[in-house]
Amino acid sequence: MKNNTKHVLSVTDLSAEEIDVILKDAIRLKKTPLSDDLKGHFLALIFEKPSLRTRVSFEVAIQEQGGCSLILPPTAIQMGEREAIKDVAAYLSGNVTAATLRVFDHQTLVKFAEYATIPIINALSDVEHPCQALADVMTVLQHKSSLEGKRLLFIGDGNNVCHSLLLAGALTGLSVTVACPEGYEPSDDILAKAREIGAKRGAEFVVTNNPAEGAKNADAIYTDVWASMGQEDETIARKKIFQPFQLNSELLANAPDAIVMHCLPAHRGEEITDEVIDGPQSVVFDQAENRRHAQKALLRFLLMD
Ligand code: CP
Ligand code: NVA
């Protein structure tokens, strides 16, 4: 059952022009949140891992547009165990109008989307977090007035959140430097893709093992947890490896005009200090609020004629 339904599994499932439309609508929706434009739409939210922001932002977003949401926790579906991924995709396609999936293995999303005839949105996988990246570029745009010519330092693990930021930067002209310990670099494929796409807009993508170097002249400094969901057994080892990559006042002194970003949840005292996350440069709660506006704009883009 192949079909041409638009899915957003990666940031690159959207073009630069489409992201531009979504960002403009998100900024409008931040001021004017309510309408009935998605009345009759039903959004299923499938979670294999915990969530606060993704759940709240999608549920409130669709309901503020007159639609409904359904939460499907792992115990409810047991996808791939109680029944095949393709059967869940086929069933939901006949009964709701869109679905978001938070999965451990990106291939679960790919397989689900292959058999779905409704739009499927990646709500975080091991490879990407595109909804986060939409809110992130929206946040930089609102706080720094533009994306082209600006530079963001991502400090930490070069995995899902970092990958989507690289790709969103490439599509919007935002340069991204990644400062990470050796062995925790972003995937070569994603970096190559970001460089290829970003070259059209003059955006540059650099990987360094020196966070202070990356912080100089940064317009935004962004961090994420050292051990992602599913990596809990590596927590102790990672604390030691990532300690030199903590976002603290000493590092931030290199970038007095940078905004401080974090996708949340934050592990205070690990990847970011209280002083920095609660300090005057932090925009983390505006960034988290922007998830709702950006995803609402994404839902409107995918579901409205
Ligand atoms: N940033 C983010 O996706 O938050 P949740 O894990 O709480 O959804
Ligand atoms: N990298 C983190 C992001 C959480 C929103 C994780 O995968 O747990």
Side-chain angles (χ1 to χ4, degrees), residues 8-11 26 43-62 69 71-74 99-109 121-140 152 154-168 176 178-181 184-187 190 220 222-235 237-239 241-242 245-247 260-268 270-272 277 282-296 298-299:
V8 180
L9 309 190
S10 165
V11 174
L43 176 67
L45 296 136
I46 298 175
F47 288 103
E48 291 184 351
K49 313 181 201 183
S51 168
L52 172 63
R53 279 144 291 271
T54 303
R55 174 177 175 166
V56 170
S57 53
F58 268 119
E59 287 211 87
V60 176
I62 191 145
S69 56
I71 294 289
L72 300 169
T100 72
L101 276 81
R102 169 165 286 196
V103 295
F104 284 100
D105 182 354
H106 192 80
Q107 286 313 309
T108 303
L109 258 173
I121 302 170
N122 179 355
L124 178 81
S125 71
D126 54 335
V127 180
E128 275 207 55
H129 198 0
C131 297
Q132 181 68 54
L134 287 176
D136 297 342
V137 288
M138 174 181 174
T139 305
V140 176
L152 179 146
F154 179 91
I155 173 167
D157 192 4
N159 70 347
N160 46 18
V161 167
C162 174
H163 286 163
S164 289
L165 260 175
L166 285 165
L167 296 171
V176 178
V178 179
C180 59
Y184 295 87
E185 290 84 4
S187 110
I190 289 188
Y222 192 128
T223 191
D224 182 13
V225 291
W226 291 339
S228 287
M229 289 180 274
Q231 298 173 331
E232 287 77 7
D233 56 349
E234 295 175 39
T235 303
R238 281 173 175 256
K239 270 188 192 165
I241 296 165
F242 280 89
F245 294 82
Q246 184 184 62
L247 178 43
V260 167
M261 302 175 72
H262 193 307
C263 54
L264 303 178
H267 293 169
R268 288 166 175 261
E270 294 182 20
E271 76 276 2
I272 192 163
I277 196 169
S282 173
V283 299
V284 299
F285 290 104
D286 187 41
Q287 177 188 1
E289 183 194 312
N290 285 341
R291 292 287 304 276
R292 176 164 55 93
H293 310 306
Q295 288 158 209
K296 189 186 289 177
L298 177 65
L299 289 171

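In each ligand, atom 1 is the first atom listed, and ligand 1 is the first ligand listed. Because the structure is predicted, anything quoted here is derived from the model rather than measured.
Residue Asp224 places at least one N or O, backbone or side chain, under 3.5 Å from an N or O of ligand 2. Of the N or O atoms in Ser228, one or more lie within a sub-3.5 Å distance of an N or O in ligand 2. Looking at Leu264 next to ligand 1, an N or O pair under 3.5 Å apart turns up. Geometrically, ligand 1 and Cys263 share a nitrogen or oxygen pair separated by less than 3.5 Å.
Listed by number with element, the atoms of ligand 1 under 4.0 Å from a non-hydrogen atom of Leu52 are 5 (P), 7 (O), 8 (O). Of all atoms in ligand 2, numbered sequentially from 1 with element shown, those under 4.0 Å from a heavy atom of Leu264 are 5 (C). Residue Val161 approaches ligand 2 through these ligand atoms, each under 4.0 Å from one of its heavy atoms: 3 (C). Atoms of ligand 2 lying under 4.0 Å from at least one heavy atom of Asn160, given by number and element, are 1 (N), 6 (C), 7 (O).
A donor-acceptor pair under 3.5 Å links the side-chain atoms of Glu48 to the main chain of Phe104, judged by distance alone. In this structure, Arg102 contributes its side chain and Pro50 its backbone to a donor-acceptor pair below 3.5 Å. Between the side chain of Thr235 and the main chain of Glu232, a donor-acceptor pair closer than 3.5 Å is present. A donor-acceptor contact shorter than 3.5 Å is absent between the side chain of Ser164 and the backbone of Val161. Asn122 contributes a side-chain N or O that, together with a main-chain N or O of Leu9, makes up a donor-acceptor pair within less than 3.5 Å.
Shown are Arg291, Arg292, Gln295; of these, the side chain to side chain donor-acceptor pair (under 3.5 Å) with Ser57 is made only by Gln295.
Interatomic distance, Leu247 CG to Ile277 CD1, rounded to the nearest 0.5 Å: 9.0 Å. For the atom pair CD1 of Ile272 and CE of Met261, the computed distance is 11.0 Å after rounding to the nearest 0.5 Å.
Taking atom 4 (O) of ligand 1 as the reference point, the nearest protein heavy-atom neighbour is Arg53 NE, 2.9 Å. For atom 8 (O) of ligand 2, the closest non-hydrogen atom on the protein side is Met229 N, 2.8 Å. Protein heavy atom at the shortest distance from atom 6 (O) of ligand 1 is Arg102 NH1, 2.8 Å.
Residue contacts with ligand 1: His129 is included, with a non-hydrogen atom under 4.0 Å away. Residue contacts with ligand 1: Arg291 is included, with a non-hydrogen atom under 4.0 Å away. Using 4.0 Å as the threshold, Leu124 has no heavy atom nearer than that to any atom of ligand 1.
Using the six-membered ring where Trp is involved, Phe242 and Trp226 have ring planes that are parallel, under 30° apart on the 30 and 60° scheme.
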